[in-house]
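Here it is, the structure, as structure tokens.
For reference, positions follow the sequence shown, starting with 1. For clarity, every value in this text was computed on a predicted model and none was experimentally measured. Note that ligands are numbered from 1 as they come in the structure, with each ligand's atoms numbered from 1 the same way.
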Amino acid sequence: MPAPTDLTHAQFLDASDPLRSCRDLFHIPPSAKDPNKPSIYMTGNSLGCQPKSTRALIEQELDDWAGLGVEAHLHGRDPWLPYHEWFRGPAARLVGGKEGEAVMMNSLTANLHFLMVSFFRPTEGVGGRYKIVIEDSAFPSDSYAVQSQLRFHGIDPREGLVRLKPRSGEHTLRTTDIEGFLWEEGQQVALVLLGAVNYLTGQWFDMARITAAAKDRGCIVGWDLAHAAGNVPMKLHDWNADFAAWCTYKYLNSGPGAVAGAWVHERHFKGSGKVAEWQSGKVTRGLSDTVALPRFEGWWGTDPATRFQMKPESSPPASVEAWQLSNPPIMALAPVKASMEIFDKVGMPALREKSLKLTAYLEQLIDAELKDKIDIITPRDPAERGAQLSLVARSVPRGLEKRLHDEGIIVDFREPNVIRVAPTPLYNTFADAWGLVQGLKRVLST
Ligand SMILES: Cc1ncc(COP(=O)(O)O)c(C=O)c1O
């Protein structure tokens, strides 16, 4: 067996990879060095590659629109009226939810806001809960969203926002420290909203333990799954989280700004029939099982059986679809369908199995070949990470990202010195990991 640092070793691993044919399902952008070859595309954590089936699914909807006009709502090949219903099973399976708990709608930050309308319900006075907890290195959009939610409720973010910081000299948060914080201060916390896989460090939080600790202290728990959906296996329902939202353009390969996902635990649907009561003011705000959650509503959130009776009052179904507002953008949902068909077929267990091997192989190569130039800040424990490794370069040559691009390698660089690489199991190969390390060696030695 050749040494792991030999290309033949990577080729051997590719030849025995049960998912190797999945790469053929995707367009891999060509290399800038040799346009006849695919690039080493290591940025699926930012924008995933295009499935080859996407174009046909969009064209089908364009053709049905051209040929049937409004009648495609009922008579299209995939009728538009119930189009979103196709996602119920695949979306729920992706995040470990039950059918009825997951829906595709809007965009990620919009979904976080709409869900916070329901789930961030600060209470005042002695013993009040009004704080939101995020990780210090939360993605800026989450940071802005929660601050604006606090202000919307008249709370100064300097008072109401808690940013969990790693210990000095460490890059990632310790689960025990999060649990400790919740134990000590959880009674003031209304909402814990963390990025399940942190965008910068690639740390996959112990979602089960953190959810349990936060629920134990009476907090609402929401997860931003932007870097987790399609990357790591989850059991949101069993873990007892309250809500989650995710985008679909990263590991889910649905295209820039693609339609996002939202998930709500089914225990929050029990009060759905009480909406009218809540609206009439008979029930004050609260989150108990018998009280409807307040939410912003639109006509796609009413019972489809009576939607076209055009009644002035909504009768929302007992499902997350009650949070839908508008009729879905079919041209934008078609790429999500193309992608979810792949995920549903391959399944997260098989993807995770390859992902563990591929990421570990890349880590092994970096340790062997780049130890003096790069530190890996992503947790070393595979249970605490997905497909991303965040690398801190000790010295960053000018134009690093461009120089790698010219080598045919596409990675993501975050100022001042973090290179994020994501060997995604659906389309990256072990030879890609090998080629990336060779490229980094060349560029970092100049
Ligand atoms: C963790 C996280 N949250 C939120 C966002 C913002 O997503 P959007 O622009 O789709 O609302 C991103 C985008 O990359 C992200 O990575």
His227 heavy atoms within 4.0 Å reach ligand 1 at atoms 1 (C), 16 (O)
State, to 0.1 Å, how close Leu325 and Glu297 come at their nearest heavy-atom pair, and which atoms those are.
-> CD2-C, 3.6 Å
Residue and atom name of the nearest protein heavy atom (relative to atom 9 (O) of ligand 1), distance in Å to one decimal = Tyr249 OH, 3.6 Å
Do any nitrogen or oxygen atoms of Lys250 come within less than 3.5 Å of a nitrogen or oxygen of ligand 1?
-> yes
Separation between CZ of Arg217 and CD of Glu179, rounded to the nearest 0.5 Å = 12.0 Å
Which of parallel (below 30°), tilted (30 to 60°) and perpendicular (above 60°) describes Phe243 and Phe119?
-> parallel
Lys NZ or Arg CZ of Arg295 over Trp323 ring: under 6.0 Å, within 45° = yes
Taking heavy atoms and a distance under 4.0 Å, where does Leu112 meet ligand 1: side chain, backbone, both or neither?
-> neither
Which is closest to atom 11 (O) of ligand 1 by heavy-atom distance: Leu194, Asp224, Leu200, Thr109?
-> Thr109
Identify, for atom 15 (C) of ligand 1, the protein heavy atom at the shortest distance, and state residue, atom and that distance.
-> Phe139 CG, 3.4 Å
Looking only at distance, does Ser141 have an N or O less than 3.5 Å from an N or O of ligand 1?
-> no
Those atoms of ligand 1 less than 4.0 Å from some heavy atom in Ala226 = 1 (C), 2 (C), 15 (C), 16 (O)
Applying side-chain contact (heavy atoms from CB on, under 4.5 Å), run through Asp367 and Leu365 and close with a yes or a no.
-> CA-CA 5 Å; Asp367 283 343; Leu365 290 182; over 6 Å; no
